Amino acid sequence: MRLHSQSFLLVRDPTSVPTSRRRLQDLVKMWGLRLDESSDTALAVVTSELVTNAVRHGTGTVLTITVSANVSRRRILIEVYDGSLILPVPHWAGTADETGRGMALIDRLSLCHGADRTTCGKCVWAEIAMPPQRVTRQQLIPHPRRAARAIARRLGTVRQPRTAVRVDSRSGHGRHAWAVLRELSSSRPGHEQRPQVRDQEEGDR
């Protein structure tokens, strides 16, 4: 399950509406999400309406926007926090009204939406559908070397690390080092010790 989440602050001002759209577009690119035309339009319109409602009907000087993406569920959650405890009331605009269509757009373009009270005000949120995402090799195997070692251990083909020993052939330390290496190699699992033919022949004599 791939999850992404990030929050940022905006001034409760009409100029923050286009800023919020740009910030969401940057997050989508940074997270490597792929949106089609319908999901990109839904994300832009729903974000604009949520922030616009918070600017018009909220309180406080700062808005907190939290964006979360669940790639497995193919959903993007947008949450807008402000300082007002008054929850929004659905209002369906008439044909002659110039405003009041924000909730209708959110209801049409989102999978689900709602509002909740918080300790400092309220949170108005909506979820947007995403198209199926491409899966890369890095996402399937986040640690390829670790996975290769696990497979090797399962198959019983783990190779012992090579040991390099620097010896001085002009002294007796060289023979001692090769004897130690021979003893280590003979103690490895699956290693069959070669018969000491020469020692047996000397014993027969």
Side-chain angles (χ1 to χ4, degrees), residues 1-136 138-140 142:
M1 179 182 295
R2 291 171 55 204
L3 298 175
H4 305 283
S5 183
Q6 187 167 328
S7 300
F8 55 91
L9 302 178
L10 293 176
V11 179
R12 195 173 66 86
D13 186 83
T15 57
S16 295
V17 176
T19 304
S20 65
R21 291 196 301 264
R22 290 193 297 269
R23 294 291 298 270
L24 259 71
Q25 291 174 355
D26 294 340
L27 289 177
V28 167
K29 293 180 181 179
M30 182 179 69
W31 293 337
L33 304 178
R34 185 179 65 86
L35 302 181
D36 53 16
E37 184 177 357
S38 60
S39 59
D40 185 64
T41 301
L43 183 64
V45 174
V46 170
T47 301
S48 297
E49 294 301 329
L50 290 177
V51 176
T52 298
N53 289 339
V55 169
R56 289 179 177 176
H57 307 293
T59 60
T61 57
V62 176
L63 301 176
T64 302
I65 291 86
T66 300
V67 186
S68 305
N70 189 321
V71 180
S72 301
R73 298 180 62 207
R74 289 166 29 188
R75 293 189 177 192
I76 298 178
L77 174 64
I78 306 107
E79 300 171 294
V80 180
Y81 296 82
D82 68 83
S84 175
L85 293 172
I86 302 175
L87 299 180
V89 178
H91 172 70
W92 308 105
T95 56
D97 295 336
E98 295 182 358
T99 60
R101 295 182 175 84
M103 294 303 298
L105 289 172
I106 294 174
D107 184 72
R108 183 174 182 83
L109 296 175
S110 65
L111 293 172
C112 55
H113 62 91
D116 304 302
R117 285 190 176 93
T118 65
T119 56
C120 303
K122 70 175 180 295
C123 169
V124 184
W125 56 270
E127 280 191 336
I128 306 299
M130 284 192 303
Q133 303 296 302
R134 297 186 183 94
V135 180
T136 62
Q138 288 77 10
Q139 296 167 0
L140 288 174

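None of the values given here were measured: they were computed from a predicted structure.
For the atom pair E49 CD and L109 CG, the distance stands at 9.0 Å (nearest 0.5 Å). In this structure, CG in L63 is found 11.5 Å from OG1 in T19, a value given to the nearest 0.5 Å. Rounding to the nearest 0.5 Å places CG of L35 at 7.5 Å from CE of M130.
For the pair T47 (side chain) and R21 (backbone), a donor-acceptor distance under 3.5 Å is absent. Between the side chain of D36 and the backbone N or O of S39, at least one donor-acceptor pair lies under 3.5 Å. Not a single donor-acceptor pair under 3.5 Å links the side chain of R75 to the backbone N or O of N70. One N or O on the side chain of R12 and one on the backbone of V55 form a donor-acceptor pair closer than 3.5 Å. No donor-acceptor pair closer than 3.5 Å links the side chain of S84 to the backbone N or O of T59. T118 places a side-chain N or O within 3.5 Å of a backbone atom of G121 that can act as its donor or acceptor partner.
The closest side-chain heavy-atom distance from E127 to R73 is below 4.5 Å. Inter-residue side-chain proximity for L10 and S20 is flagged as met; some heavy-atom pair is nearer than 4.5 Å. At a threshold of 4.5 Å between non-hydrogen side-chain atoms, the residues I78 and L43 count as touching. Between K122 and P88, some side-chain heavy-atom pair lies under the 4.5 Å cut-off. Contact of the M103 side chain with the H113 side chain is registered, since non-hydrogen atoms from C-beta on lie closer than 4.5 Å.
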For L87 and R117, run side chain to side chain contact (heavy atoms under 4.5 Å, CB included): C-alpha distance rounded to whole Å, both residues' side-chain angles, the deciding distance at 0.1 Å, then the answer. CA-CA 7 Å; L87 299 180; R117 285 190 176 93; 3.9 Å; yes
Side chain to side chain contact (heavy atoms under 4.5 Å, CB included) evaluation trace for S5 with T66: CA-CA 7 Å; S5 183; T66 300; 4.1 Å; yes
Side chain to side chain contact (heavy atoms under 4.5 Å, CB included) assessment of V67 paired with W31: CA-CA 11 Å; V67 186; W31 293 337; 4.1 Å; yes
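Residue P132 comes nearest to R74 through the heavy atom pair CG-NH1, 3.6 Å, listed as atom of the first residue, atom of the second, then distance. In terms of heavy-atom proximity, V71 sits nearest to Q133 at CG1-CG, 3.7 Å. When every heavy atom of W125 is checked against every heavy atom of A115, the shortest pair comes out as NE1-N, 3.7 Å.
For CG of L85, the number of neighbouring non-hydrogen atoms (other residues, nucleotides, ligands) closer than 6.0 Å is greater than 12.
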